[in-house]
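Worksheet for the structure shown next.
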Protein chains: 2
Amino acid sequence: MLNLSASEENYIKTIFHLQEEEKNVTTNGLAAVLNTRPASITDMMKKLKQKKLVHYQPYRGFRLTTGGNRYALSIIRRHRLWEFFLFEKLKFSWDEVHSVAEELEHVSSKKLIDKLDEFLDFPRFDPHGDPIPDNQGKILKTRQIPLSEMPLNRTAVVCNVGDQSASILELMDHNKIGIGTRVEVKKRFDFDHSLEIKIRQQVPFIISESLAKKIFVKHGA
Amino acid sequence: MLNLSASEENYIKTIFHLQEEEKNVTTNGLAAVLNTRPASITDMMKKLKQKKLVHYQPYRGFRLTTGGNRYALSIIRRHRLWEFFLFEKLKFSWDEVHSVAEELEHVSSKKLIDKLDEFLDFPRFDPHGDPIPDNQGKILKTRQIPLSEMPLNRTAVVCNVGDQSASILELMDHNKIGIGTRVEVKKRFDFDHSLEIKIRQQVPFIISESLAKKIFVKHGA
DNA sequence: TTTTTAATTTAGATTTGCCTAAATATATTT
DNA sequence: AAATATATTTAGGCAAATCTAAATTAAAAA
């Protein structure tokens with residue numbers, strides 16, 4: 001597989017994520033996420049088109065080719081394996097792993113990543129609950145739903161938080177909710193849509209709708 | 001501490017190693033090691049002088065400042081810790097670790113390196129037998145000598161090989177000599193300066209002077 | 001001490017990845 | 001459908017890190 005610069009990899013990865021959220025990817029949108037100017041996006045799209053990683057016609061938008069998709073998955077694999085390593089082995093907290101993994105993911109040795117995978121015993125999810133592509137680029141589709149949409153009296157596992165702010169972390173910390181926590185929704189209040197939830201063997205307690213919307217759980221796990 | 005580009009780090013690191021071998025570092029010499037043209041060295045020296053990492057006067061040569069030295073040690077720390085990790089945890093062979101560590105060493109998070117150090121249980125030597133600087137930049141001075149200079153009938157441990165070629169590796173492999181192998185020189189032949197050596201409980205055998213000059217041992221270990 | 005040779009530096013390009021400002025194409029109103 | 005607004009692209013530049021070719025300085029030889 002061809003070898004891209006860290007910058008090119010960041011474009012590919014970001015396009016992949018934006019496509020995944022089925023937002024149609026726009027020049028301005030991508031520029032906003034990558035913190036660059038729209039003109040830089042256009043420049044890069046021309047280059048990535050040449051390398052056959054994106055389909056691109058001026059003014060007509062762009063999206064990843066099959067090859068671009070495959071490449072994106074390999075970057076995401078590296079990123080999530082490093083996150084797992086940092087969390088599981090180096091004892092980073094789950095909110096610190098992302099930024100360090102952003103750097104590590106650009107180290108390109110395929111052998112390194114496959115051996116890391118093996119060392120970690122082939123983990124299937126990163127510390128945020130996102131699935132890790134295998135060495136063939138296969139990735140599990142997880143049904144992640146916000147806690148606010150969980151049916152009552154079914155247990156699920158917290159796998160993602162749709163907000164990285166210090167304030168949400170403080171609140172979750174206070175309630176002892178984190179990635180991997182097993183939760184059950186006991187009641188939903190019509191008045192303010194707050195939820196009564198139970199975790200572990202504790203007394204049930206109430207959380208706000210806005211918090212529940214940010215906490216994602218893996219359904220069925 | 002200031003943050004250098006991967007390229008700047010490579011210059012600093014290489015100057016450090018060349019200085020260590022007490023070769024006086026020259027523009028051409030550095031260019032040869034870094035695989036660049038002399039003109040590029042001059043360019044970079046101007047920049048590193050500005051950043052107060054090297055002493056430099058045109059045509060008068062250059063050497064690291066105290067700050068440059070400190071920075072070099074931090075890069076070497078990263079490099080060797082990654083080498084240890086790759087060898088010890090990911091089961092890379094000791095001749096594969098260098099090139100991968102060359103990439104990993106430029107990931108700059110201080111916290112990452114200190115946590116990695118702890119995870120590895122503060123190793124003092126990398127898989128080549130070179131000492132790993134601690135988080136204060138302190139480094140053990142090891143007395144490494146080539147096997148060719150070992151006194152007779154004293155045991156020592158192979159800690160370094162001054163050549164990375166496939167041919168030397170083949171020969172060492174054949175003789176079952178590697179990093180960490182305990183050796184004893186039994187006899188030195190005047191005719192061709194070949195050595196009779198003994199490893200483990202095996203029958204002594206003979207190696208050439210040119211091989212013995214490339215195999216370094218830690219004296220006293 | 002000249003002269004010759006070798007090492008080093010300068011001058012001027014090139015590539016990558018970014019920028020600003022201006023032009024152009026598409027979308028939305030009126 | 002014309003006018004206005006928004007999105008996108010082009011043109012031209014800049015900094016980092018490299019290069020080649022030409023100039024300059026220092027070292028070695030005659």
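Every chain is numbered from 1, with letters handed out A, B, ... down the list of sequences.
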Paired with A/R77, the salt bridge (charged side-chain N to carboxylate O under 4.0 Å, His left out) test is passed by just one of A/D130, A/D117, A/D126, namely A/D117
From CG of B/L48 across to P of D/dA16 the rounded distance in Å is 12 Å
Does C/dC18 have its OP1 or OP2 closer than 4.0 Å to a side-chain nitrogen or oxygen of A/R37? no
Separation of C/dT26 atom C1' from A/N24 atom CG, nearest Å, is 14 Å
request  = Count the heavy atoms of every other residue, nucleotide or ligand shown that sit under 6.0 Å from CD of B/Q50, and state whether that count exceeds 12.
outcome  = no
Separation of D/dA16 atom C1' from B/N10 atom CG, nearest Å, is 15 Å
A/E8 CD to C/dC18 C1', in whole Å, measures 14 Å
A/Y11 side chain N/O closer than 4.0 Å to the phosphate oxygens (OP1, OP2) of C/dC18? yes
Taken to the nearest whole Å, CE/A/M44 to P/C/dC19 is 11 Å
Just so I know, are the side chains of A/I41 and A/Y11 near enough to count as touching, which here means a heavy-atom distance under 4.5 Å? yes
Would one find a side-chain N or O of A/S7 under 4.0 angstrom from OP1 or OP2 of C/dC18?
yes
Checklist entry - Hey, does B/L53 have a side-chain heavy atom less than 4.5 Å from the side chain of B/F62? => result no
- Query: Between B/S194 and B/E209, is any pair of side-chain heavy atoms under 4.5 Å apart?
  - Reply: no
For A/S40, answer base if it contacts any base atom (sugar-phosphate contacts may also be present), sugar-phosphate if it contacts only those atoms, and nothing otherwise; contact means non-hydrogen atoms under 4.0 Å. base
Cut-off 3.5 Å, side chains only: do A/H174 and A/E170 have a donor facing an acceptor?
no
Every protein N/O lying under 3.5 Å from an N/O of nucleotides 9-12 of chain D:
residue : atom : partner : partner atom : Å
D/dT9   : OP1  : A/Y56   : OH           : 2.7
D/dT9   : OP1  : A/Y59   : N            : 2.9
D/dT9   : OP2  : A/T27   : OG1          : 3.2
D/dT9   : OP2  : A/T42   : OG1          : 2.9
D/dT9   : O4'  : A/Y59   : OH           : 3.3
D/dT10  : OP2  : A/K46   : NZ           : 2.9

Here the distance between atom C1' of D/dA16 and atom CD of B/Q50, to the nearest Å, is 14 Å
message: Within the 3.5 Å criterion, strictly below it, is a donor on B/N28 or B/T26 matched to an acceptor on the partner's side chain?
response: no
Rounded to whole Å, the CG-P distance (A/L34 to D/dT8) equals 14 Å
